[in-house]
Amino acid sequence: MFLSLRAEVEDALEGALSSLAFPTDDLGIEQPPEDVESVLASSAAFRLADEAGAPPPQVASRIAAEIDVDELTYVGAVRTQGPYLNFLPSEAYFSETLAAGTDEAYGSIDGRNESVVVEHTSANPTGPVHVGRARNPIIGDAVANLLAFAGYDVDRHYYVNDAGRQMAVFTWAYETFDEADLEDDPERDRTEYDLVRYYRKGNAYLETADESAVAEAEAEIDAIMQGLEEGDEQTYERVSEVVDQVLSGMKTCLERLPAEFDEFVKETRFMRDGSTDDVVDRLEDLDEAVYEEEAWQLELEEFGIEKNLVFLRSDGTSLYPTRDLAHHEWKFDNYDRAVTVLGEDHKLQARQLRATLDLLGNDTEQLRQVLYSYVNLPEGKMSTRRGTGVDLDDLLDEAIDRAREEVEERLDDRIRDDDLDEDDIERIAHQVGIGAVRYDIVSKQPTKAITFEWEQALDFEAQSAPYVQYVHARCCGILEEAGFDVEAGECPDVDVDAERLEAPEERALLETIARLPAVVDEAAGDLEPHQIATYTREFADRFNAFYRECPVLADGVEPDRRQARLALVAASKHTVANALSILGVAPPRSM
RNA sequence: GGGCGUGUGGCCUAGCGGAGAGGGCAGGAGGUUCCUAACCUCCUGAUCGCGGGUUCGAAUCCCGUCACGCCCGCCA
């Protein structure tokens with residue numbers, strides 16, 4: 001409803017300004033502060049003061065006088081407050097919001113007929129997913145959810161780097177060493193924990209073994225890389241054996257979040273189908289291509305990038321960026337838009353990729369890159385190769401354990417008589433524990449660096465997932481108490497009068513509910529799921545105020561009012577459930 | 001050295017040209033015969049890193065500066 005109101009205000013303002021012969025390029029529409037009784041405001045009068053030859057408050061009054069509120073649907077009144085114009089919502093605004101909110105899919109935007117591929121995580125299949133990279137699946141999954149909710153046709157891809165030197169090293173190590181050569185047992189009974197030990201062993205060997213032994217190993221590693229480059233089937237199968245095993249373990253870990261993918265796209269695919277060779281040929285023909293120091297490179301100064309992009313090694317093999325170019329052209333062929341979520345350390349490569357795609361004749365407007373900073377430990381970086389870091393599995397386990405403790409602790413002094421059984425406790429522990437981890441990460445701007453600390457990541461207090469989840473549980477509690485089967489999706493009748501909702505807390509809550517579609521639209525446009533998190537927090541505040549002041553089921557509440565409030569609770573439930581779902585945080589029906 | 005990013009009360013964080021800079025944690029004081037207190041109310045606490053500038057108006061834009069992070073491989 002907010003979007004409709006905003007459109008209406010824009011039209012009205014534009015009309016008023018032009019009939020006063022003012023320029024209409026700057027409507028100055030903005031969000032009023034919380035304590036102002038309006039849903040939208042304009043500060044245009046400030047800037048028109050010179051032209052009007054009058055002080056801003058007078059200009060504001062003249063504009064206000066020019067707007068005929070009777071012609072507007074969602075605006076109930078226009079008032080000035082000094083230089084500001086305030087637009088107050090009409091009764092229709094509230095009632096239509098209430099009606100819209102009772103739809104289970106409330107907040108979602110109808111199909112845009114536009115497909116978008118969201119590539120995220122894409123961690124090299126070298127070992128267990130650690131917390132340093134955990135931001136990628138969490139942000140990536142939220143971005144994908146957000147775009148899907150905003151009406152895009154979304155596919156989620158994990159790009160598997162199965163053609164790089166790292167995988168050649170891994171394959172060599174896996175084939176060379178035996179269980180007996182490894183010092184430690186796997187940290188967990190899953191393939192990637194098992195196999196990563198070979199990878200670490202191999203890397204350690206290359207660093208410490210004597211020169212001739214290392215040279216021999218390097219020769220073997222080079223042979224693997226050459227085999228991949230030539231599309232040799234046997235080499236591909238050797239590497240695949242390692243890649244597929246490790247990847248399946250990582251997949252299991254990511255599913256816990258849950259972060260799931262429509263497709264795991266292998267890098268070797270673009271070597272085997274000839275598209276990388278094709279890219280190389282086309283790159284060599286570019287004016288920016290140079291052959292220096294026996295390697296083919298691309299000069300990208302015209303894009304403000306000093307560093308040359310090497311796209312063909314002196315031994316004739318391609319590099320990761322070369323294959324990624326073919327990969328991206330494939331995405332462009334199959335989707336209208338492409339979004340990639342990647343760590344800030346890939347920023348330069350991201351710019352090079354974009355610039356080169358441009359040189360190859362692609363429309364790079366289709367590509368958006370979301371960058372995030374790594375999560376570091378207080379003592380420094382996490383590394384799979386060195387085995388430093390906190391595994392995501394361990395973080396999730398710890399989160400669930402702590403959440404379970406919380407549930408059990410609260411069991412004794414629960415007022416509500418809803419008989420939580422063992423399954424409920426486990427369900428809540430999972431929803432809350434994992435929700436807290438995801439929310440903690442997704443609620444912050446991705447560009448800010450995070451230092452991982454257990455206590456902070458697993459804080460279940462206010463301004464966390466449980467705080468917002470609790471609101472959802474409260475909504476469900478009320479609806480169930482009123483006789484609705486929440487699990488079956490039962491919902492109160494929407495045919496109620498929003499005029500019954502006259503308390504300031506009710507009005508404020510409705511205003512907040514009304515903004516969800518606009519928040520979704522904005523967040524999707526900016527690819528910033530943290531805006532949704534900020535919204536859930538504000539929503540929870542508003543709901544809690546309503547909960548405190550406006551009893552729904554108490555004896556003294558008249559039937560009409562009770563019905564209206566039940567509808568408001570239903571709209572609240574859909575609002576918070578949908579917002580949480582975008583973030584990938586489960587909305588618990590009880591906790 | 002160069003490029004990019006970040007700097008908001010003791011700690012974490014929102015806001016990124018407009019209406020006393022919002023929240024949360026920690027600290028202090030309260031609240032449960034009433035739909036779940038993972039909640040709510042009140043208090044204490046900030047020259048928005050620092051210095052200039054643009055503007056009627058700057059946390060927000062520009063310049064400089066400092067601190068921290070990331071990058072500057074024929075690795076990915």
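Heavy atoms only: backbone and side chains are in, while hydrogens, waters and symmetry mates are out. Computed from a prediction, not measured in an experiment: that's the story for all the values here. Below, chains carry the letters A, B, ... as their sequence lines are ordered, and counting in each starts from 1.
A:R200 and A:T384 share no donor-acceptor pair across their side chains, judged by distance under 3.5 Å alone. Judged purely by distance below 3.5 Å, without hydrogens or angles, the side chains of A:T317 and A:D315 pair a donor atom with an acceptor atom. Between the side chains of A:T512 and A:R542, at least one donor N or O sits under 3.5 Å from an acceptor N or O. Between the side chains of A:T268 and A:D162, at least one donor-acceptor pair of N or O atoms lies under 3.5 Å. Checking A:E284 against A:W296 by side-chain atom types alone, a donor-acceptor pair falls below 3.5 Å.
Taking every side-chain heavy atom of A:T447 into account, B:U6 is the closest of B:A76, B:C70, B:U6. When distances run from any side-chain atom of A:K307 to the nucleotides B:G73, B:U36, B:C25, the shortest one goes to B:G73. The side chain of A:A41 has B:A19 as its nearest neighbour among B:C4, B:A38, B:A19. For A:R47, taking side-chain heavy atoms from C-beta onward, the closest of the listed nucleotides B:A38, B:C56, B:C35 is B:C56. Closest to the A:V432 side chain, of the nucleotides B:A38, B:C16, B:C56, is B:A38. Which of B:G69, B:U36, B:C40 sits closest to the side chain of A:E344 comes down to B:G69. Among the nucleotides B:A19, B:G7, B:C4, the one closest to the side chain of A:K347 is B:C4. Here the side chain of A:P321 is nearest to one of B:U13, B:A76, B:A38, namely B:A76. Out of B:A76, B:U6, B:C70, the shortest distance to the side chain of A:R323 is found at B:A76. Nearest nucleotide to the side chain of A:R474, out of B:C39, B:C40, B:G69: B:C39.
In this structure, A:A473 reaches the bases: a heavy-atom distance under 4.0 Å links it to at least one base atom across the strands shown. If you check every strand for non-hydrogen atoms under 4.0 Å, A:Y547 touches a base. Within the 4.0 angstrom heavy-atom criterion, only backbone atoms of the sugar-phosphate kind lie near A:H530; the bases stay farther away. Here A:P83 lies out of heavy-atom contact (under 4.0 Å) with every strand. In this structure, A:Q297 reaches neither bases nor backbone, as no heavy-atom distance under 4.0 Å exists between it and the strands shown. Within 4.0 Å (heavy atoms only), A:D555 reaches no atom of the nucleic acid at all. Within 4.0 Å of A:S464, counting heavy atoms only, lies no atom of the nucleic acid at all. Note on A:E538: nothing from the nucleic acid sits closer than 4.0 angstrom, heavy atoms only.
Contact check, A:R165 against B:G73: no side-chain N or O comes under 4.0 Å of OP1 or OP2. Note on A:Y374: every side-chain N or O is 4.0 Å or more away from OP1 and OP2 of B:C68. Neither OP1 nor OP2 of B:C72 sits under 4.0 Å from any side-chain N or O of A:Q352. Side-chain N/O atoms of A:R313 include one lying less than 4.0 angstrom from OP1 or OP2 on B:C75. Remark: A:N544 is in phosphate contact with B:C40, judged by side-chain N or O atoms under 4.0 Å from OP1 or OP2. Listed pair A:Q445 / B:U13 fails the phosphate criterion, with no side-chain N or O lying under 4.0 Å from OP1 or OP2. The side chain of A:Y320 places no N or O atom within less than 4.0 Å of a non-bridging phosphate oxygen (OP1 or OP2) of B:A76.
Taking the six-membered ring for Trp and thresholds of 30 and 60 degrees, A:F539 and A:F543 have nearly parallel ring planes, at less than 30 degrees apart. Between A:Y159 and A:H327, the ring planes are parallel. Angles under 30° get that label, and only those over 60° would be called perpendicular.
B:G28 and B:C68 have their P atoms separated by 35 Å, given to the nearest Å. With P as the reference atom, B:C48 and B:G10 are 13 Å apart, rounded to whole Å. B:C63 and B:G3 have their P atoms separated by 12 Å, given to the nearest Å. B:G24 and B:U41 are spaced 8 Å apart, taking the P atom of each and rounding to whole Å. Here, B:C34 and B:G7 have their C1' atoms 47 Å apart, quoted to the whole Å.
Within 3.5 Å, a donor on the side chain of A:Q463 pairs with an acceptor on the base of B:G23, or the reverse. Under 3.5 Å, the side chain of A:Q349 and the base of B:A76 form at least one donor-acceptor pair of N or O atoms. In the interface, the side chain of A:D162 is not paired with the base of B:A76 through any donor and acceptor atom under 3.5 Å apart.
Pair assignment for B:C4: B:G69, on the basis of Watson-Crick or G-U wobble contacts that are both within less than 3.5 Å. Across all strands shown, B:U55 remains unpaired; no Watson-Crick or G-U wobble contact has both distances below 3.5 Å. Across all strands shown, B:U41 is found opposite B:A29 as a Watson-Crick or G-U wobble partner, with both distances under 3.5 Å. Nucleotide B:C75 has no partner under the Watson-Crick or G-U criteria, as no pair reaches both atom distances under 3.5 Å.
Heavy-atom nearest nucleotides on RNA chain B were determined for A:V310 and for A:E549, and the one closer to the 5' end corresponds to A:E549.
With a 6.0 Å cutoff to the six-membered ring centre and a 45° limit on the axis angle, A:R474 counts as a cation-pi contact of A:Y547.
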